[in-house]
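As a basis for the values below, the full set of heavy atoms in this structure was taken, side chains included, without hydrogen atoms, waters or symmetry mates. Because the structure is a prediction, the values reported are computed rather than measured. Starting from 1, each residue takes its place in the sequence as its number.
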Amino acid sequence: MSQLQPVRGTHDLIGDTARRHAHVVETAREITRRYGYEEWSTPIFEDTRVFSRTLGDTSDVVTKEMYTFEDRGGDSLTLRPEGTAAICRAFVTNGLTQALPQRVFYQGPMFRYERPQKGRFRQFHQIGAELLGATDALMDAETIAMAHAILKALGLGDAVKLEINTLGDLESRQAWREALVAYFKAHESALSDESRARLEANPLRILDSKSPQDRALLEEAPKFGAYLNEFSRNFWDDLRRKLDLFGVSFVENPHIVRGLDYYSHTAFEFVTDRLGAQGTVLAGGRYEGLVAQMGGPATLAIGWAGGIERLALLIDSAPEQARSIAVLPTGDSTLPASVTAVQALRQAGFAAELETRSSLKKRMERVVKSGAAHMVLVGEDELARGAVTVRDLGRREQVEIALASLADHFLKAV
């Protein structure tokens with residue numbers, strides 16, 4: 001049998017990779033906590049309708065990328081391709097629609113069948129936040145400021161820039177959509193095959209096209225700003241003022257769009273030039289009809305998601321794991337006291353390991369090479385006095401400590 005390998009598009013989280021991953025999650029968890037967010041965890045798979053309804057039947061995610069299967073009961077289930085729809089489903093099914101606002105942080109694996117590349121996997125991981133009950137531009141600006149704070153805490157303040165755009169309200173988008181369709185139809189022969197297919201189903205996606213022939217047409221395409229009604233224009237102005245209030249710098253990018261009608265007003269992306277083509281590391285926007293599609297009431301909301309793999313690639317390094325304390329019994333007779341010692345250290349909050357394999361000399365050599373901070377030697381003579389020997393491996397100093405006071409000794413040194 002040939003050696004088994006991870007499935008294409010998946011990867012193991014081990015060593016430095018795992019530490020970087022955990023550092024991103026723990027940083028985001030702490031910053032969102034400061035903003036009043038609570039962590040939710042939803043199932044990895046959902047009823048397929050949770051995603052097919054909300055992501056759009058014609059979207060690439062639904063038509064090409066979802067991992068959908070029929071279970072033994074005949075139900076269609078899908079591994080979650082993103083987190084927002086699942087959070088909105090949980091919001092409705094747990095009867096929270098009258099308890100607004102709800103500030104939610106989430107993290108975990110997502111699944112999409114797409115071509116693996118740097119920072120992009122078929123099983124990938126995201127951090128995300130949803131503010132359900134976001135009534136005004138101030139809440140949008142604060143949600144963006146929270147994402148910015150996470151990136152700064154990861155040391156990425158200079159590595160990313162914030163790009164924002166307005167999608168207006170539904171009335172503004174419909175007027176603009178009609179103008180876009182008329183323009184692109186007049187130039188249909190010059191569009192790429194993919195954009196011609198999108199022209200009827202989802203014309204706003206043409207604005208995302210990377211095709212040179214499509215990009216050439218965009219310069220003369222109708223600009224959204226000309227179709228914003230008064231309410232949308234005021235919201236857009238207010239958002240920019242509030243971002244200034246939070247001290248978050250930004251650039252305006254009119255090419256940031258969302259293809260589904262429930263997105264409105266605010267759209268934003270934090271982008272970098274350090275990951276090649278995969279430049280977006282965190283993105284989000286305001287949405288207004290998603291909760292209603294789950295069977296709940298119309299609920300104003302804003303959210304974002306960030307790719308953990310991409311963020312982990314960008315950070316300089318993750319904090320080193322705390323150096324452990326090694327406890328070494330010198331013989332079988334000192335093993336019970338050694339177990340007592342190592343458990344006392346663990347209960348006091350220290351990383352401690354019991355070293356019993358091979359000779360004492362080899363164990364001591366192995367501990368030194370492991371990078372442990374201290375070595376606790378439990379010998380018969382010292383134990384007869386109710387004591388153990390503590391060796392500081394960094395300073396190369398040792399001292400005799402009462403066994404009953406071992407944990408207190410290390411606590412005082414912290």
Side-chain angles (χ1 to χ4, degrees), residues 51-66 81-82 112-120 161-229 232-233 236 250-273 275-289 307 310:
F51 305 112
S52 61
R53 281 181 183 176
T54 57
L55 295 174
D57 291 333
T58 62
S59 71
D60 285 348
V61 175
V62 172
T63 59
K64 300 177 183 178
E65 298 173 2
M66 291 203 319
E82 56 91 39
R112 293 189 186 187
Y113 188 88
E114 53 187 353
R115 185 170 64 85
Q117 49 194 296
K118 184 179 181 180
R120 174 173 286 184
K161 68 175 179 178
L162 171 62
E163 298 182 349
I164 64 171
N165 191 26
T166 178
L167 306 177
D169 61 9
L170 183 58
E171 178 185 80
S172 300
R173 288 195 305 280
Q174 285 177 335
W176 183 45
R177 186 182 190 278
E178 290 172 4
L180 279 176
V181 169
Y183 172 78
F184 286 129
K185 278 191 172 180
H187 299 83
E188 188 168 358
S189 61
L191 289 171
S192 66
D193 291 341
E194 187 175 35
S195 289
R196 277 198 295 273
R198 286 173 170 168
L199 187 52
E200 295 297 334
N202 201 343
L204 294 187
R205 292 292 307 280
I206 298 175
L207 302 178
D208 274 337
S209 174
K210 302 298 188 290
S211 166
Q213 63 196 89
D214 294 336
R215 303 300 298 177
L217 290 173
L218 295 182
E219 287 298 321
E220 301 299 323
K223 300 298 185 288
F224 189 32
Y227 297 88
L228 286 176
N229 58 23
S232 297
R233 195 176 303 280
W236 177 228
F250 58 87
V251 295
E252 296 177 27
N253 180 356
H255 297 301
I256 297 177
V257 295
R258 303 287 184 261
L260 300 170
D261 282 342
Y262 56 74
Y263 284 105
S264 63
H265 298 294
T266 307
F268 63 94
E269 296 181 359
F270 285 91
V271 299
T272 183
D273 58 5
L275 293 176
Q278 303 304 313
T280 302
V281 297
L282 188 151
R286 170 173 280 268
Y287 53 96
E288 298 185 353
R310 296 183 194 180

Residue Lys223 excluded, over 12 heavy atoms near NZ under 6.0 Å: yes
Side chain to side chain, Glu163 and His255, heavy atoms closer than 4.5 Å: no
For Leu217 against Leu191, the heavy-atom pair lying closest together: CD1-CD2, 3.6 Å
Check: Ile206 main-chain N/O paired with Arg198 side-chain donor or acceptor under 3.5 Å: no
Gap separating the CZ atom of Arg233 from the CG atom of Asp169, nearest 0.5 angstrom: 11.5 Å
Pair Leu167-Arg173, side chain to side chain contact (heavy atoms under 4.5 Å, CB included): steps then yes or no: CA-CA 7 Å; Leu167 306 177; Arg173 288 195 305 280; 4.2 Å; yes
Check against side chain to side chain contact (heavy atoms under 4.5 Å, CB included), Val251 and Asn253: CA-CA 6 Å; Val251 295; Asn253 180 356; 5.6 Å; no
Heavy-atom side-chain proximity of Glu82 to Arg112 below 4.5 angstrom: yes
For Ala283, side chain to side chain contact (heavy atoms under 4.5 Å, CB included) partners two or more places apart: Arg258, Glu269, Thr280
Closest non-hydrogen atom pair between Ser195 and Asp214, with its separation: OG-OD2, 2.7 Å
Rounded distance (nearest 0.5 Å) linking atom CZ of Phe224 with atom OG of Ser232: 6.5 Å
Donor-acceptor under 3.5 Å (Arg286 side chain, Thr266 main chain): no
Ala221 to Leu180 - nearest heavy-atom pair and separation: CB-CD2, 4.2 Å
Heavy-atom pair of closest approach, residues Val281 and Thr272: CG1-CG2, 3.9 Å
CD1-CD distance between Ile164 and Glu252, expressed to the nearest 0.5 angstrom: 5.5 Å
CD on Glu194 to CG on Leu199, rounded to 0.5 Å: 13.0 Å
Within 6.0 Å of CD in Glu220, more than 12 heavy atoms from elsewhere: no
Taking every non-hydrogen atom, the tightest pair across Ser172 and Gly168: CB-CA, 4.5 Å
Verdict with supporting geometry, Phe184 and Leu218, side chain to side chain contact (heavy atoms under 4.5 Å, CB included): CA-CA 9 Å; Phe184 286 129; Leu218 295 182; 3.9 Å; yes
Aromatic plane relationship, His187 with Tyr183 - under 30° parallel, 30 to 60° tilted, over 60° perpendicular: tilted
Heavy-atom closest contact (Ala190 atom, Gln213 atom, distance): O-NE2, 3.2 Å
Arg215 (side chain) donor-acceptor with Leu207 (main chain) under 3.5 angstrom: yes
